[in-house]
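It should be emphasised that the depicted structure is a prediction, and the values quoted were computed from it without experimental measurement.
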Amino acid sequence: MLTEACTLLLSWIFLYFGHGTNASSTTRQCLGDPLEALYGGGLVVNPEFNYNIEGWKAFGEGKIEERISKEGNRFIVARSRKHPSDSLSQKVQVEEGKIYSFSASVQVSQGREIVAVVFKFPNGDGVRGGDVVAEEGCWSLLRGGIVANFTSPVEILFESKTTSVEIWFDNVSLQPFTKEEWRSNQDKSINEVRKSKVRLQVTKASKTPLKGTRVSIKQIKSHFPFGCGMNHYILTNPDYQNWFASRFKWTTFTNEMKWYSTEKIQGLENYTIADNMVKFAQQNGISIRGHNVFWDDPKYQPDWVKSLSPEELRTAAAKRINSVVCRYRGQLIAWDVMNENLHFRFFEDNLGENASAESYSIAQQLDPDTVMFMNEYNTMEYSEDKNSSAANYKKKLEEILSYPGNANLSAGIGLQGHFGSGQPNLAYMRSVLDMLGSTGLPIWLTEVDVGKGPNQAQYLEEVLREGYSHPAVKGIIMFVGPLAAGFNVTTLADNNFKNTPSGDVVDKLIDEWNSGTQEITTDDQGFIELSLFHGDYEITAENHITNSSATVSLSVTQAEPHAIVQVHIDP
């Protein structure tokens, strides 16, 4: 049954959907002065251009020259460009197995243009390593990188589509890391971002410290959402139910809430499967991400939708968003509102350029307490897909947020994370998370899986660690599961629910990112101090001398430093 608020909004949605005004730009992040070269430039010769163009050359048919700002800062300009890759370049040597983190400050002579870094190998192959929206009059930080699969010289160069603009460069850096160094950095970040120090004191009711008291600290819930996709097999397979509920407290339904699942025939809605899955999740304390209100790919519309006229589609879309969002209002933690709208344009082509922005506005008004996500593939997993690059993602996000009425939208950044079977480019992945994280909006990895291959389990672990260690990432959902439920890309368990190597990785990380149960004895002043993962805890102190005990609950968060938590035991 529709809530009163949803019922009142329905007639307004019919008029509103697809008839909005044009969006404008939002506030952008750009610096008056370029940032210093990270790591002193790393492998790059003359990274700050203090020695004119030494170590650099013009790439392609353009020209490069040194310029000096009013403040005395030296930088290099690529001008008279005829091709997108006409820029400047420098050759360096990369070593097999190392991870290379790249950065540079860039701007353009007019307007706003996407500038990308490209790593060109001797065989002619070029790997796009990262991009940024560069602007006139200020400096933007371009970050990216590569993982070297073999030892080779590589040429660093840049590209920008609009050849009429000059590209300005300063403070270029390429820093190598061994995999051990990269892992050490991840572990350090996890300790800083996912854990907090807690100090406990056990006392008598009179506040006299109790030394030598045994304290048990048990984590009963994690605050970081680490979950798994779920499908309709959960309703009929008790083994799947037990397997899922014993591991995960966050989920996304892989298909069951989509339009083609709930309204296969026009006007005949059927939410039976989705409703029962919601019921199962709620009974087991599992939070749900809604997936999805609309899908911008024409291929994945209900068959009857594909033949509708624009006006008919407008009416059908209004009914759809009202129906599904109102039905689950207040029961979900997120909605993927317009799925994959960087790659596809079904609703834009039929309802106008603002179709995505309008759908977010409507969804938020129908369900104001739920975060509304973009959800896109290849943004962090495949640098060669220019359509969904971090720069294009950010531009689309700005369009949505700048649409009238969307200034206070509870927006989220969804990155699907469908990685191939090859070595994941962790440096590129981190640069994407850095750029999109600079928006201040929550990032979720929403559909993580890794293609089949001999190193699948290893690569899955690398991707999950990179996501978990990044401070901007607020949740991870994997689109993986048991073979018995049809998960055949990244399978965690076979038909008998016995773990695969990838399943072992996931179970290991669940245990590793949990403080478990710890037994500690208080010092002479009744204190213990330790670092705990963010979550809910049950703390029990037992004094065997007085044969007394006390139990308290504690929530460990990053929101504020924890003061001393006192546990009183009466004599």
Can you name the nearest heavy-atom pair linking L332 to M257, along with the distance?
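Shortest heavy-atom separation between L332 and M257 comes out as CD2-CE, 4.0 Å.
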Where the side chain of [X] meets the backbone of [Y], is there a donor-acceptor pair that is under 3.5 Å apart?
X: E181; Y: T178; value: yes
X: T439; Y: L436; value: yes
X: R314; Y: A317; value: no
X: N292; Y: D336; value: no
X: S502; Y: T490; value: no
X: E312; Y: S309; value: yes

Charged N to carboxylate O under 4.0 angstrom, [X] versus [Y]?
X: E398; Y: K395; value: no
X: K82; Y: D86; value: no
X: R345; Y: D296; value: no
X: E466; Y: R183; value: no
X: R112; Y: E136; value: no
X: E166; Y: K63; value: no
X: E159; Y: K386; value: yes
X: R74; Y: E66; value: yes

Using 0.5 Å steps for rounding, measure from the CD1 atom of I400 to the OH atom of Y403.
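These two atoms lie 12.0 Å from each other.
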Is the centre of the [X] ring less than 6.0 Å from the centre of the [Y] ring?
X: W139; Y: F75; answer: yes
X: F169; Y: W56; answer: no
X: Y39; Y: F177; answer: yes
X: Y468; Y: W513; answer: yes

For the pair F294 and F347, evaluate ring pair (Phe, Tyr, Trp, His ring centres under 6.0 Å) and give the outcome as yes or no after the intermediate values.
CA-CA 9 Å; F294 295 117; F347 290 94; 4.9 Å; yes
State which residue, out of S389, S160, S383, fulfils the side chain to side chain donor-acceptor pair (under 3.5 Å) condition with D131.
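Going through the options one by one, the only one that passes is S389.
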Under a 3.5 Å threshold, yes or no: a donor from one side chain and an acceptor from the other, between H291 and N255?
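No, N255 and H291 have no side-chain donor paired with an acceptor closer than 3.5 Å.
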Verify the distance criterion only: is there a donor paired with an acceptor across the side chains of D449 and H418 at less than 3.5 Å?
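A pair is found: one side chain offers a donor N or O, the other an acceptor, under 3.5 Å apart.
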